[in-house]
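Single-structure report; data block below.
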Number of protein chains: 2
Amino acid sequence: MIQNLTEHDREQLQEALGKSGQKVTPQREAVFTVLLAQRDHPTVDEVFQRAREVMPGLSLATVYNCLETFVGCGLVRQVNHERESTRYCPNLAPHAHFRDKATGRVHDIELPPEVLKSLRSILPPGFDSEVIEISFHGRAQSGEQTSN
Amino acid sequence: MIQNLTEHDREQLQEALGKSGQKVTPQREAVFTVLLAQRDHPTVDEVFQRAREVMPGLSLATVYNCLETFVGCGLVRQVNHERESTRYCPNLAPHAHFRDKATGRVHDIELPPEVLKSLRSILPPGFDSEVIEISFHGRAQSGEQTSN
DNA sequence: CTTGCGGATTAGACTCATTCTAACTGATTA
DNA sequence: TAATCAGTTAGAATGAGTCTAATCCGCAAG
Ligand SMILES: [Mn+2]
Ligand SMILES: [Mn+2]
Ligand SMILES: [Zn+2]
Ligand SMILES: [Zn+2]
């Protein structure tokens with residue numbers, strides 16, 4: 001279920017952490033591995049449960065710490081939907097999120113550059129946005145699969 | 001500060017509540033008035049503080065209840081930004097939200113129909129969305145004013 | 001009028017995701 | 001060896017939001 005990181009992924013982790021003066025630790029590697037293994041936008045608790053299978057001593061606090069670190073160095077995005085638990089997404093390409101009302105599952109929706117541009121264009125002069133979050137909420141015909 | 005509802009606003013309240021079999025009460029009227037008086041996306045507590053000035057006996061639970069009722073009958077939208085307290089917005093026109101990193105203030109950003117359409121168009125077949133939330137996060141030059 | 005009903009309101013208890021704290025670990029450096 | 005320091009850990013604290021059970025109140029039936 002939880003295979004190891006590819007050489008490429010390990011380098012990405014190394015590089016991103018290094019840039020902000022932080023180190024690769026076994027815990028960080030385990031948490032990052034969990035995120036890449038199943039790109040289903042898990043909550044902190046889901047990450048915790050999955051990572052524990054491979055590192056039983058891992059604490060919940062550390063999962064919070066690792067995820068915060070990853071968000072800080074741009075390895076992972078936070079995904080918020082209304083008042084639910086925060087979810088985490090390692091897909092760094094520009095994309096929106098679709099939450100299925102029926103299943104609760106969160107799907108990645110590709111965001112073409114021209115759509116992103118048209119969105120940015122609605123900001124009046126003087127507004128400078130670093131982050132745009134787009135989330136859909138509705139129904140997806142079962143069988144639809146977008147979050148690889 | 002908190003002027004009364006216009007005839008038109010009172011009718012809107014009446015109508016929306018009536019449609020879902022609910023009544024106008026003094027508490028609901030007070031909360032709705034607060035929302036319309038200052039369209040700055042207040043949190044529940046801010047609504048509570050403001051409404052108390054005009055109705056000292058009002059309870060926090062009732063403010064939660066009223067706001068939930070309003071959201072349920074489409075009078076008001078919830079605005080979520082990351083993990084912060086939920087905010088409330090009586091602007092029913094399609095719009096996005098911009099949160100100013102520096103001040104925390106939330107501004108309405110008009111959403112032209114063609115941009116909304118291009119956004120909907122990114123959904124693959126089989127995905128049917130009822131709600132789209134768009135939020136920007138960044139800096140607005142002070143003096144910028146969009147949430148009337 | 002009284003009484004009964006049902007929706008609305010209320011205070012306070014409770015939940016639980018997240019944050020905080022303070023002790024501990026382990027690698028690296030002086 | 002001893003000091004240092006980032007990282008980890010368990011558990012306590014926080015606080016927005018929800019739940020519960022008692023009360024209120026407008027209205028309609030008797
Ligand atoms: Mn979520
Ligand atoms: Mn908010
Ligand atoms: Zn995603
Ligand atoms: Zn708004």
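Keep in mind that this is a model prediction, so the values were computed, not measured. Chain letters run A, B, ... following the sequence lines, proteins first, then strands; residues in each count from 1.
In this model, a donor atom of one side chain and an acceptor atom of the other lie less than 3.5 Å apart for A:His41 and A:His97. Side-chain contact, B:Ser59 with B:Thr62: a donor N or O sits under 3.5 Å from an acceptor N or O. Side-chain contact, B:Arg83 with A:Thr86: a donor N or O sits under 3.5 Å from an acceptor N or O.
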Could you pull out the protein-nucleic contacts involving nucleotides 28-30 of chain C (nitrogen or oxygen on both sides, under 3.5 Å)?
none

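Scored by the side-chain hydrogen bond (donor to acceptor under 3.5 Å, both in side chains) test, A:Arg52 finds no partners at all (sequence neighbours excluded). Residues satisfying the side chain to side chain contact (heavy atoms under 4.5 Å, CB included) test with A:Leu92, not counting sequence neighbours, are A:Gln12. Residues satisfying the side-chain hydrogen bond (donor to acceptor under 3.5 Å, both in side chains) criterion with A:Ser20, sequence neighbours excluded, are A:Gln22.
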**Study point:** Contact pattern, 5' to 3', of nucleotides 9-24 of chain C - B, S or - by protein heavy atom under 4.0 Å
**Key:** SBB-----SBB-----
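In this structure, CZ in B:Arg10 is found 7.5 Å from OG1 in B:Thr33, a value given to the nearest 0.5 Å.
First and last contacts of DNA chain D with chain B, using any nucleotide atom under 4.0 Å from a protein heavy atom and ordered 5' to 3', fall at D:dA16 to D:dT18.
A pairwise comparison of heavy atoms in A:Ala93 and A:His95 identifies O-ND1, 2.7 Å as the closest pair.
In this structure, the ring of B:Phe32 has its center less than 6.0 angstrom from the ring center of B:Phe70.
Environment of CD in B:Glu82: crowded, with over 12 heavy atoms of neighbouring residues, nucleotides or ligands closer than 6.0 Å.
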